[in-house]
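Have a look at the structure below before the remarks.
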Amino acid sequence: QVQLVESGGGWVQPGGSLRLSCAASGIIFSGYAMGWYRQAPGKQRELVATITSAGIRNYADSGKGRFTISRDNAKSTVYLEMNSLKPEDTAVYSCNAGIWRRDIATIVPTYWGQGTQVTVSA
């Protein structure tokens, strides 16, 4: 049974930082591309960051310069370090494991976690 379990969400003031973690089980983690998505209330889910099995990172414009995605294959865990957080970063953040499509330069998710809430407010 495949499981992706996120943690590390919570409330933070604007300008603060959070580190999200996503622990995977039931898959050969090192063979998957991993991604973080977020969905704010009333908005569509959007891609935040991806990291391929080879460790190549890509970011949406919203997180460039502020967010860092990383992975630890020994721990089957992907991380999202978020700095200089803004109220508009408030959302449920979900991780996924999938296949990297080189032709469209994005991840095609196969498995999803349940998500963790991030709230940025004063």
Side-chain angles (χ1 to χ4, degrees):
Q1 181 181 359
V2 178
Q3 280 193 314
L4 300 177
V5 180
E6 300 94 338
S7 61
W11 172 82
V12 64
Q13 291 186 332
S17 299
L18 282 175
R19 187 194 196 204
L20 306 182
S21 300
C22 171
S25 60
I27 60 172
I28 302 175
F29 180 81
S30 60
Y32 281 85
M34 300 297 296
W36 284 97
Y37 282 73
R38 69 185 183 185
Q39 187 166 20
K43 295 187 177 181
Q44 286 190 331
R45 185 167 55 192
E46 63 172 345
L47 181 62
V48 175
T50 60
I51 184 167
T52 69
S53 58
I56 299 171
R57 300 173 173 88
N58 286 277
Y59 299 94
D61 288 343
S62 59
K64 281 182 181 177
R66 301 188 298 127
F67 294 176
T68 302
I69 189 171
S70 61
R71 64 189 297 159
D72 185 335
N73 288 340
K75 295 182 178 180
S76 296
T77 300
V78 62
Y79 304 97
L80 185 68
E81 183 80 33
M82 304 187 294
N83 299 311
S84 303
L85 283 162
K86 307 173 183 179
E88 51 264 43
D89 294 318
T90 295
V92 175
Y93 285 71
S94 302
C95 71
N96 66 76
I99 305 300
W100 180 257
R101 284 280 303 273
R102 190 179 301 178
D103 55 336
I104 55 176
T106 192
I107 188 171
V108 178
T110 303
Y111 304 107
W112 287 92
Q114 291 298 310
T116 185
Q117 176 70 46
V118 171
T119 302
V120 185
S121 67

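This chain uses plain numbering: 1 for the first residue, then up along the sequence.
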I would like to know whether W112 and Y37 meet ring-ring contact (aromatic ring centres under 6.0 Å, His included); could you show each step before the answer?
CA-CA 10 Å; W112 287 92; Y37 282 73; 5.0 Å; yes
Roughly how far, to the nearest 0.5 Å, is the CD atom of E88 from the NZ atom of K43?
8.0 Å
Apply side-chain contact (heavy atoms from CB on, under 4.5 Å) to S30 and list each qualifying residue two or more places apart in sequence or on a separate chain.
I28, N73
Is it the case that the side chains of W11 and S121 hold a donor-acceptor pair, with the cut-off being a distance below 3.5 Å and no angle test?
yes
Please give me the minimum heavy-atom distance between A122 and P14, naming the atom from each residue.
N-CD, 3.7 Å
So, taking the atom named OG in S94 and the one named CG in L4, what distance separates them when rounded to the nearest 0.5 Å?
10.0 Å
Are any of the side-chain heavy atoms of Y93 and M82 separated by less than 4.5 Å?
yes
Give a yes or no answer on whether the side chain of T116 reaches the backbone of G9 with a donor-acceptor pair at less than 3.5 Å.
yes
Can you establish whether the number of heavy atoms outside Q39 located under 6.0 Å from its atom CD is more than 12?
yes
Output, in order, the C-alpha distance, side-chain angles, deciding distance and verdict of side chain to side chain contact (heavy atoms under 4.5 Å, CB included) for T50 and Y59.
CA-CA 7 Å; T50 60; Y59 299 94; over 6 Å; no
May I ask you to test the N96-W36 pair for a side-chain heavy-atom distance under 4.5 Å?
no
Has the side chain of R71 got a donor or acceptor atom that lies under 3.5 Å from a matching backbone atom of T52?
yes
Should I51 and I27 be counted in the same cluster of Ile, Leu, Val, Met, Phe, Trp and Tyr side chains packed under 4.5 Å apart?
yes
Quick one: which residue pairs count as a salt bridge (charged side-chain N to carboxylate O under 4.0 Å, His left out) with a foot in residues 50-63, not counting sequence neighbours?
D61-K64
Please find the pair of heavy atoms, one from F29 and one from V78, that lie closest to each other, and give the distance.
CZ-N, 3.9 Å
Could you list all the disulfide (SG to SG under 2.5 Å) pairs where at least one residue sits in residues 28-122, not counting sequence neighbours?
C22-C95
Does the side chain of L85 come within less than 4.5 Å of L18's, by heavy atoms?
yes
Using distance alone, with no hydrogens and no angle criterion, decide if N83 and S17 have a side-chain donor and acceptor under 3.5 Å apart.
yes
Quick check for you: to the nearest 0.5 Å, what is the distance between Y79 atom OH and D72 atom CG?
5.0 Å
Heavy atoms, side chains only, cut-off 4.5 Å: are R38 and V118 in contact?
no
Indicate yes or no: at least one non-hydrogen side-chain atom of F67 is less than 4.5 angstrom from one of E81.
no
Please tell me if the side chains of V108 and W100 come closer than 4.5 Å, counting only heavy atoms from C-beta onward.
no
Here the gap from M34 atom CE to L80 atom CG, rounded to the nearest 0.5 Å, amounts to 11.5 Å
State whether the side chain of E6 and the backbone N or O of G115 hold a donor-acceptor pair below 3.5 Å, judged by distance alone.
yes
Give me the atom names and distance for the closest heavy-atom approach of S84 to D89.
O-OD2, 4.4 Å
So, the side chain of R101 versus the backbone of I107: is there a donor-acceptor pair under 3.5 Å, distance only?
no
Check for me, please, whether V12 and L20 land in the same ILVMFWY cluster - side-chain distances under 4.5 Å, paths through other members count.
yes
So, the side chain of T90 versus the backbone of V120: is there a donor-acceptor pair under 3.5 Å, distance only?
yes
